[in-house]
Chemist: 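The structure's right below; bear with me while I get my questions together.
Here the structure is a predicted model, which means the values were calculated and not measured. Reminder, nothing fancy here: chain letters follow the sequence lines and each chain counts from 1.
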Amino acid sequence: MHQTAEFHKRVKDALNNSQLRSNFRVAMDGLMEKRSNAFPDKQFLEELRITGSKLRANALVKQADLLEQLEANCTRNGIKVHWAETIEEANHIVLGIMDSHNATRMIKGKSMVSEEMELNHFLEAHGKECVESDLGEYIIQLDHETPSHIIAPAIHKSKQEIAKLFQSKHPDIPYSEDIETMTRSARQILRSKFYDAEIGLSGVNFAVAETGTICLVENEGNGRMCTTAPPVHIAVTGIEKVLEKLEDVPPLLKLLTRSASGQHISTYFNMITSPRKPGEKDGPKEVHLVLLDNQRSKIYEDEELFDSLRCIRCGACMNHCPVYTKIGGHAYGSLIPGPIGSVIEPQKFGLDKFGILPTNSTLCGACGEVCPVKIPLPKLLHRLRYEQVRNDHTGATNGQGSRRSAKEAMIWKLWSWAHARPAVYRTGTKVAALFRGLMPNKMGPWTRVRTAPKIAPKSLHELAREEGFDNE
Amino acid sequence: MSLVKHYPDKPQKVYFFGTCLIDMLYPEAGLAGMQLLKREGIQVIFPQNQTCCGQPAWNSGYRDETPAVVMNQVRSFPKDYPIVVPSGSCAGMMRHHYPEVFKDKPESDLVNAFSERVFELTEFLVHVLKIELKDLGAPTKVALHTSCSARREMGVADEHESLLRQLGNVQLVEQVRKAECCGFGGTFAVKHPDISAAMVADKAQAITETGAEQLVSGDCGCLMNITGHMEHKGIGPKGQHIASFLWERTHASDS
């Protein structure tokens, strides 16, 4: 249970940090407004969401075949495909590729799967240099942090905080709080890293089975640099990112960029189908694709929780989550925060570790309402609440039943007993009304910020009878 | 909800499910709801055997402890009259989640038929009874907080608003981020008290800033949370369930 205590401590710290609160509030308000403006036509949005969810569901249903097809087509195109069941395997595959080229320097585009692998730590421990080239990722790498948001990893920082960070890490560069100036400085520093890197690593937004194409969405051009400048490009992805056809990409891309940042299309959209061909002047000489499972095929086994794999990682659920907006991403303690993180991370790493996350929601439904691929997030959070307290040992979810307490189970059993028996219930409310004067004014955390609710002298049952409303 | 809902013709009789929160803490809101229905010329039946919709256990993950409570409600409302519920949250549980509670169980048909008869109070007033309200109250400024379940699960946010807009002397003011959750969330408020407190503080602040003289909501869970916080801090307007508010303003007092 100490994980729960740590979680509550992180939450308290986040809530007491007014700078952090304001950074998230302002950023999330902005992202929500941008998304809303990008979908002026609600009918268009709804139709696109239906299309998107069908395309993702179709790809998942056919996943095994599509992955084989992807491998065959990538191989035919000259892309080397690697399979990793665990993050350890994936890390060793990347290390192996680096070692086979005697490479020590890697430049990275933004990749949540590489964060999942904790690739930077792993490679650094093996004497390799990994430099993040996405601006947000670069900022958090400088500060030795993890992403607080899946598309905007440094969103928890204000520009003043970033300026101070730059000053402490690069004292030779003149201090500036101007975003453009700071971006230019980072760009200059990174430029030489692009030249020197022997390996470029990227994530994958969609992997198209039909053509063996890796699709990459980005706004800074760093993704294109990572995948073209170094002689070797390694793309890492979760196996669920596979799509059946090339024509599946446009509707999903429309949904992804509009939902994420309100853009009709990202500044860069890269489609990589092969290494440099004879006669071509640029591009990597080698392209590798690492397909990571890491519990995804276990999530796949449950016909309801399976829906969590539809995610296209737009971040709209966290942008619209009132809880995420209050506490920010780091408080969750998981790599992916917010509603989708609270669904995926407990399944990947176990309810014993992250069981607190599915309870950390009011089930307000804002996430499910905006999800571009219609993942029923509240329903899945609800399901995981069940998984963590059920005790029949039949489900497949990691850590099932781990948060069941005998006391809580007993309370709900008694509650159920009383509310299934009308006479018991009526007696209970009568007794409560009778002793209403004795109701404490302090009721734990509730009354720390609220007055205690007051029991009425007469219940509605009694009033209805007195006012002559029929019983049947 | 994007699905088109089908409403029945005006019936002669309806059932009223008061909800356990209203039963114990806000009975006047339940009574007002019943009076509004009765004034439209229909017979309102309040089965004395009703208890709680079962949502507390269901949302806490105790799925095995839920069916017995659900079945008590299903048995207490046996005839095919519509069941009117003065809460988006409880109505949402009864309409949308009862079928899940009994999925693949032998009683599933019975429960599904029950769920189809469940309506939230404001949608029933607007779409089935086509109620016309005459405002007898003094001019006032009102803020409306629509619960997340009323808004997203039952899809009745417009119905709440349209009823208030029928009242000539009521000026409806809008708080910022009106669609954002107040932070109640049932057991969420107990399990995550600090986050809940931060959420309700922002909600109360937004409502207070409108300068409204009254806060109205269709859900007593939100009301208990928001007004409880405002009372504690000594800010903001008084809160009232929408049924009480509508009844008080349109009811010619005979005293």
Chemist: Are any of the side-chain heavy atoms of B:Cys220 and B:Phe184 separated by less than 4.5 Å?
Modeler: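 With C-beta onward as the side chain, the pair stays apart.
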Chemist: Can you tell me which of A:Pro422, A:Gly428, A:Pro358 forms the most heavy-atom pairs within a distance under 4.5 Å of chain B?
Modeler: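 Top count of heavy-atom pairs under 4.5 Å with chain B: A:Pro422.
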Chemist: Kindly say whether B:Gly88 contributes a backbone atom to a donor-acceptor pair with the side chain of B:Asp219 at under 3.5 angstrom?
Modeler: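 Such a contact is found between B:Asp219 side chain and B:Gly88 backbone.
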Chemist: Identify which of B:Thr66, B:Ile226, B:Thr227, B:Asn225 forms the greatest number of heavy-atom pairs closer than 4.5 Å to chain A.
Modeler: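 The candidate making the most pairs under 4.5 Å is B:Asn225.
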Chemist: Please state whether the side chain, the backbone, both or neither of A:Arg21 comes within less than 4.5 Å of a heavy atom of chain B.
Modeler: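 For A:Arg21, side-chain heavy atoms alone lie under 4.5 Å from chain B.
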Chemist: Flag the one option from B:Phe77, B:Phe16, B:Tyr62, B:Phe188 with the top tally of heavy-atom pairs under 4.5 Å to chain A.
Modeler: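 Option with the top pair count is B:Tyr62.
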Chemist: What I'd like to find out is whether the side chain of B:Val190 reaches to under 4.5 Å of the side chain of A:Trp446, using heavy atoms alone.
Modeler: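 Side-chain contact under 4.5 Å: no.
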Chemist: Where on B:Val70 is there a heavy atom nearer than 4.5 Å to chain A: the side chain, the backbone, both, or neither?
Modeler: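 Contact with chain A involves no heavy atom of B:Val70 at all.
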Chemist: Given that the side chain runs from C-beta out, which part of B:Asp202 has a heavy atom under 4.5 Å from chain A: side chain, backbone, both or neither?
Modeler: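 Contact with chain A is through the side chain of B:Asp202 alone.
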Chemist: Which atoms of B:Pro56 are under 4.5 Å from chain A, going by heavy atoms: the side chain, the backbone, both sets, or neither?
Modeler: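 Contact with chain A: backbone and side chain both.
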Chemist: Taking side chain as everything from C-beta outward and backbone as N, CA, C, O, which of these in A:Ala366 sits under 4.5 Å from a heavy atom of chain B? Side chain, backbone, both or neither.
Modeler: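 Contact with chain B: backbone and side chain both.
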Chemist: What is the minimum heavy-atom distance between A:Arg383 and A:Glu304, and which atoms define it?
Modeler: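 That would be NH1-OE1, 2.9 Å.
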Chemist: With only heavy atoms counted, which part of A:Arg426 is less than 4.5 Å from chain B, the side chain, the backbone, both or neither?
Modeler: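 Side chain of A:Arg426 only, per the 4.5 Å heavy-atom cut-off to chain B.
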Chemist: Could you check which of A:Gln388, A:His382, A:Arg385 has the highest count of heavy-atom pairs closer than 4.5 Å to chain B?
Modeler: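 The option with the most such pairs is A:His382.
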Chemist: Are A:Phe354 and A:Phe7 close enough that their ring centres sit under 6.0 Å apart?
Modeler: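 When the ring centroids of A:Phe354 and A:Phe7 are compared, they turn out to be at least 6.0 Å apart.
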Chemist: Check each atom of A:Arg25 against the heavy atoms of chain B and say whether the ones under 4.5 Å are side chain, backbone, both or neither.
Modeler: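 Interface part for A:Arg25: side chain.
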Chemist: Side chain, backbone, both or neither: which part of A:Leu363 has a heavy atom under 4.5 Å from chain B?
Modeler: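 For A:Leu363, the side chain is the part near chain B, not the backbone.
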Chemist: Could A:Arg465 and A:Glu462 be called an ion pair, given the rule that one side-chain N must be under 4.0 Å from one carboxylate O?
Modeler: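 A:Glu462 and A:Arg465: not salt-bridged.
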Chemist: Please assess A:Thr325 against B:Arg177 for the test side-chain hydrogen bond (donor to acceptor under 3.5 Å, both in side chains), listing each intermediate value before the final yes or no.
Modeler: CA-CA 12 Å; A:Thr325 306; B:Arg177 302 187 193 100; over 6 Å; no
Chemist: Give the member of B:Arg75, B:Gln48, B:Met34 that has the highest number of heavy-atom pairs under 4.5 Å with chain A.
Modeler: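 When all of B:Arg75, B:Gln48, B:Met34 are compared, B:Gln48 has the most.
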Chemist: Is chain B contacted by the side chain of A:Ile411, its backbone, both, or neither, given a heavy-atom distance below 4.5 Å?
Modeler: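 Looking at A:Ile411, nothing touches chain B.
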Chemist: Below 4.5 Å from any heavy atom of chain B, which atoms of A:Lys413 appear? Answer side chain, backbone, both or neither.
Modeler: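 Contact with chain B involves both backbone and side-chain atoms of A:Lys413.
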Chemist: Give the minimum heavy-atom separation between A:Met443 and A:Pro453, together with the two atoms involved.
Modeler: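 It is SD-CD, 3.8 Å.
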Chemist: Side chain, backbone, both or neither: which part of A:Ala409 has a heavy atom under 4.5 Å from chain B?
Modeler: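 Both backbone and side chain.
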Chemist: Any Lys/Arg nitrogen of B:Glu120 or B:Lys5 sitting under 4.0 Å from an Asp/Glu carboxylate oxygen of the other?
Modeler: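 Not counted as a salt bridge, because no side-chain N and carboxylate O are separated by less than 4.0 Å.
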Chemist: Would you mind reporting whether B:Pro237 and B:Ile207 have side-chain heavy atoms less than 4.5 Å apart?
Modeler: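 Yes; the side chains approach each other to less than 4.5 Å.
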Chemist: With a 4.5 angstrom heavy-atom cut-off, is it the side chain or the backbone of A:Val449 that approaches chain B, or both, or neither?
Modeler: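 Both backbone and side chain.
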Chemist: Can you see whether A:Phe469 has B:Lys38 sitting over its ring - NZ or CZ less than 6.0 Å from the centre and within 45° of the normal?
Modeler: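 Yes, B:Lys38 lies over the aromatic ring of A:Phe469.
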Chemist: Any idea which heavy atoms bring B:Ser196 and A:Arg450 closest together, and the distance?
Modeler: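 In terms of heavy atoms, the two residues are closest at OG-NH2, 2.8 Å.
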Chemist: Considering only heavy atoms and a distance below 4.5 Å, find which of A:Ile356, A:Leu381, A:Leu384 pairs most often with chain B.
Modeler: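 Result: the option with the highest number of such pairs is A:Ile356.
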Chemist: Work out which heavy atom in A:Ala432 is nearest to a heavy atom in B:Met24; give both atom names and the distance.
Modeler: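 Minimum heavy-atom contact is CB-CE, 3.5 Å.
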Chemist: At a heavy-atom separation under 4.5 Å, does B:Gln73 approach chain A through its side chain, its backbone, both, or neither?
Modeler: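 The side chain, not the backbone.
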Chemist: Side chain, backbone, both or neither: which part of B:Glu231 has an atom under 4.5 Å from a heavy atom of chain A?
Modeler: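 Interface part for B:Glu231: both.
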Chemist: Does any backbone or side-chain atom of A:Trp412 lie under 4.5 Å from a heavy atom of chain B? Answer side chain, backbone, both or neither.
Modeler: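 Both parts, heavy atoms under 4.5 Å.
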Chemist: Under 4.5 Å heavy-atom distance to chain A, tell me which part of B:Ala189 shows up: side chain, backbone, both or neither.
Modeler: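 Only the side chain of B:Ala189 comes within 4.5 Å of chain A.
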Chemist: Please classify the contact of B:Ser89 with chain A as side chain, backbone, both or neither, using a heavy-atom distance under 4.5 Å.
Modeler: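 Looking at B:Ser89, nothing touches chain A.
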Chemist: Between B:Lys13 and A:Glu472 (salt bridge meaning N to carboxylate O under 4.0 Å), is one present in this structure?
Modeler: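 Result for this pair is no, no salt bridge flagged.
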Chemist: On the six-membered ring of B:Tyr81, is B:Lys79 placed so that its NZ or CZ lies under 6.0 angstrom from the centre and within 45° of the ring axis?
Modeler: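 No, B:Lys79 does not lie over the aromatic ring of B:Tyr81.
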Chemist: I'd like to verify something: which residue of B:Ala201, B:Gly185, B:Gly186 has the highest number of heavy-atom pairs under 4.5 Å with chain A?
Modeler: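 Ranked by contacts with chain A, first place is B:Gly185.
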Chemist: With a 4.5 Å cut-off on heavy-atom pairs, point out which of A:Thr429, A:Leu15, A:Asn360 contacts chain B the most.
Modeler: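 If we count pairs closer than 4.5 Å to chain B, A:Asn360 comes out on top.
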Chemist: Determine whether B:His97 and B:Glu153 satisfy the following criterion, side-chain hydrogen bond (donor to acceptor under 3.5 Å, both in side chains), listing intermediate values before the conclusion.
Modeler: CA-CA 10 Å; B:His97 301 297; B:Glu153 201 159 60; 2.7 Å; yes
Chemist: Could you check which of B:Gly18, B:Ala197, B:Ala57, B:Gly30 has the highest count of heavy-atom pairs closer than 4.5 Å to chain A?
Modeler: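 Of the options given, most contacts go to B:Ala57.
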Chemist: Relative to chain B, which segment of A:Glu408 carries a heavy atom at a distance below 4.5 Å: side chain, backbone, both, or neither?
Modeler: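 Answer is both: backbone and side chain atoms of A:Glu408 are under 4.5 Å from chain B.
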Chemist: Any idea which of B:Cys181, B:Cys20, B:Pro27, B:Ser60 has the most non-hydrogen atom pairs under 4.5 angstrom with chain A?
Modeler: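 Result: the option with the highest number of such pairs is B:Pro27.
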Chemist: Heavy-atom distances under 4.5 Å only: say whether A:Lys458 touches chain B with side chain, backbone, both or neither.
Modeler: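 The backbone, not the side chain.
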Chemist: Check each atom of A:Asp392 against the heavy atoms of chain B and say whether the ones under 4.5 Å are side chain, backbone, both or neither.
Modeler: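 Neither part.
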Chemist: With chain B, which of A:Thr447, A:Thr359, A:Val424 has the greatest number of heavy-atom pairs at distances under 4.5 Å?
Modeler: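 The candidate making the most pairs under 4.5 Å is A:Thr359.
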Chemist: Does any N or O in the side chain of B:Asp23 come within less than 3.5 Å of the main-chain N or O of A:His461, such that one atom is a donor and the other an acceptor?
Modeler: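 Answer holds: yes.
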Chemist: Sort B:Cys182 into side chain, backbone, both or neither according to what part of it lies under 4.5 angstrom from a heavy atom of chain A.
Modeler: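 Interface part for B:Cys182: neither.
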Chemist: Is any NZ, NE, NH1 or NH2 atom of the basic residue among B:Asp194 and A:Arg448 found under 4.0 Å from an Asp or Glu carboxylate oxygen of the other?
Modeler: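 Answer for the salt bridge query: yes.
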